[in-house]
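Note on naming: letters A, B, ... go to the chains in the order of the sequence lines (proteins, then strands), and numbering restarts at 1 for each one.
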Number of protein chains: 2
Amino acid sequence: MAEQKSIIIIDDHPLFREGLKTIISRDDRFKVVGEAGSGHEGLEMTKRLKPDLVVVDISLPDQSGIQLTRDLRRHFSETKILIVSMHSKIDYIAEAFQAGATGYVVKESASERLLQGLKSVAKGDYYLDSSVSHAVVENLMKSPLKAAKITDADYATLTPREQEVMRFLAEGLSSKAVAEKLFISPKTVENHRANIMNKLGLHSTIELVRYAAKLGLIDVDLWKD
Amino acid sequence: MAEQKSIIIIDDHPLFREGLKTIISRDDRFKVVGEAGSGHEGLEMTKRLKPDLVVVDISLPDQSGIQLTRDLRRHFSETKILIVSMHSKIDYIAEAFQAGATGYVVKESASERLLQGLKSVAKGDYYLDSSVSHAVVENLMKSPLKAAKITDADYATLTPREQEVMRFLAEGLSSKAVAEKLFISPKTVENHRANIMNKLGLHSTIELVRYAAKLGLIDVDLWKD
DNA sequence: CCATGGATCGGGAAGTTATCCCGAATATTA
DNA sequence: TAATATTCGGGATAACTTCCCGATCCATGG
């Protein structure tokens, strides 16, 4: 860790850049090797200087810092990116990390935070400063995984009757209940259901409900009241 | 920062505890004031010593570190929790943060990481070390949403275990899947489920899901994407 | 006309899951 | 320590799922 990490600052406010530089220079493990006032300029400079880190303001005159992050990420995957933003809203944060940022610090934070963030990011760790509430992070962590991509193309392959059955099932009716509604045997409904699941690649009732929700077949917002 | 932060280490392997202690003592901003070899012991010690930080191994003999995190969080909301884990799988990480952890470090990481994590966590920042791939974080960040408040009289009558089971069920896991997650028999899960349904007056899986959606236990908006 | 194929309807059998009722082993609390 | 609550799981039966099968109807094209 004797070596200094090179940093480029990309922000359109010179004063703010100056502030960042001052803060960063407090830690001799970092060295600001360049500054840019726009996304384009920043991209050029990154190409030329190949810095270890880039500090990017989320709002730039010519393009968003998010977009710049994506570009940087694509062309210089080794360069770590720390987003500096005035927003602590979840949308921005989520977008930033999706775009490939490794850290996120809000402008209102203490200077300590910035250095902390730089240190973490320099190591390749993810960093998110504390102005972000626990609730937000908790929520971010709530999405499990699995994709199971769903196209309504598949739904279109269902026969009319199958679609009809599916709507009832999606509303939470049991096979028996659907059968009564349609004046057919529960057995038939179950067969329809099996065919539906097969065609759509589903494996449980709840997946069926989610699928239906995605297609707008049912309105899950109604559940909340 | 003149004051030292007090730390308790909760891990069932004395050797590993020793290692942690050595690493932590390298930084004089931290002081290990206690060690525990089990969740229960750790909880007691925390009650007694009120440390600033608790370092928790994710796998403990008597209960999971996740569960311990929840308990600690509930009783000592000021105490920050850093999870140390041998797993870098997304499930564990997400669970840890949901449970209320503020940091997550894998055991294979360099000692630097631990200190880095402690420093961040001590400030209240969230920390997640770099053995976690970018893809994982990107995945975690895929869900923007709002806070969830659980305020329901009936839901409160559920035992902690029942609530835990309910959350999994609401996410669409089968009894068997929940059983595997909790390392108990599917039979037990089914009994829990039956009790839950009874207490809440529900009669089908989908009603349970709707109930959970209403409480904000799950976010159905996620289904739409 | 009638063969073809899709859609709808249902049965049978085997496997899986739910339901209800019970008891045992631990906490927790009085 | 006694009483209570919680967690865990077994057993028996009912219910549901799954897979495979066949019957009917109906539109289409040879």
To the nearest 0.5 Å, atom CG of B:Leu20 lies from atom CD1 of B:Ile9 at 5.0 Å
Between atom CD1 of B:Ile7 and atom NZ of B:Lys31, what is the distance when rounded to the nearest 0.5 Å? 10.5 Å
OP1 or OP2 of D:dT17 sitting under 4.0 Å from any side-chain N/O of A:Ser175? yes
Does A:Ser174 reach a base, just sugar-phosphate, or nothing at all? Heavy atoms under 4.0 Å. nothing
Without decimals, in angstroms, what is the distance between A:Ile196 CD1 and C:dT8 P? 10 Å
Taking only the side-chain nitrogens and oxygens of A:His192, find out if one of them lies under 4.0 Å from OP1 or OP2 of C:dC9. yes
B:Ile184 CD1 to D:dT6 C1', in whole Å, measures 12 Å
So what does B:Pro160 hit on the nucleic acid, given a heavy-atom distance under 4.0 Å: a base, only sugar-phosphate, or nothing? sugar-phosphate
Cationic N near anionic O, under 4.0 Å, B:Glu78 to B:Lys50: no
To the side chain of B:Arg193, which of C:dT19, D:dT18, D:dC8 is closest? C:dT19
Can you tell me how far the OH atom of A:Tyr126 sits from the NZ atom of A:Lys80, to the nearest 0.5 Å? 8.5 Å
May I have the distance from B:Glu164 (atom CD) to D:dC8 (atom P), rounded to whole angstrom? 8 Å
Ranking D:dC8, C:dG11, C:dC9 by distance to the side chain of A:Ser185, first place goes to C:dG11
Got a salt bridge between A:Arg210 and A:Glu207, using NZ or NE/NH1/NH2 to carboxylate O under 4.0 Å? no
For A:Asn191 and D:dC16, give me the distance from atom CG to atom C1', rounded to whole Å. 13 Å
Pick the closest DNA chain D nucleotide for B:Val165 and for B:Lys187 by heavy atoms, then say which residue is nearer the 5' end. B:Val165
Please state how far atom CG in A:Asn198 lies from atom C1' in D:dT17, giving the value in whole angstrom units. 13 Å
Per the atom types in the model, does the base of C:dC20 pair as donor or acceptor with the side chain of B:Asn195 at under 3.5 Å? no
Between CG of A:Leu173 and P of D:dC16 the distance, given in whole Å, is 13 Å
Using a 4.0 Å heavy-atom cut-off across all strands, classify B:Thr188 as base, sugar-phosphate, or nothing. base
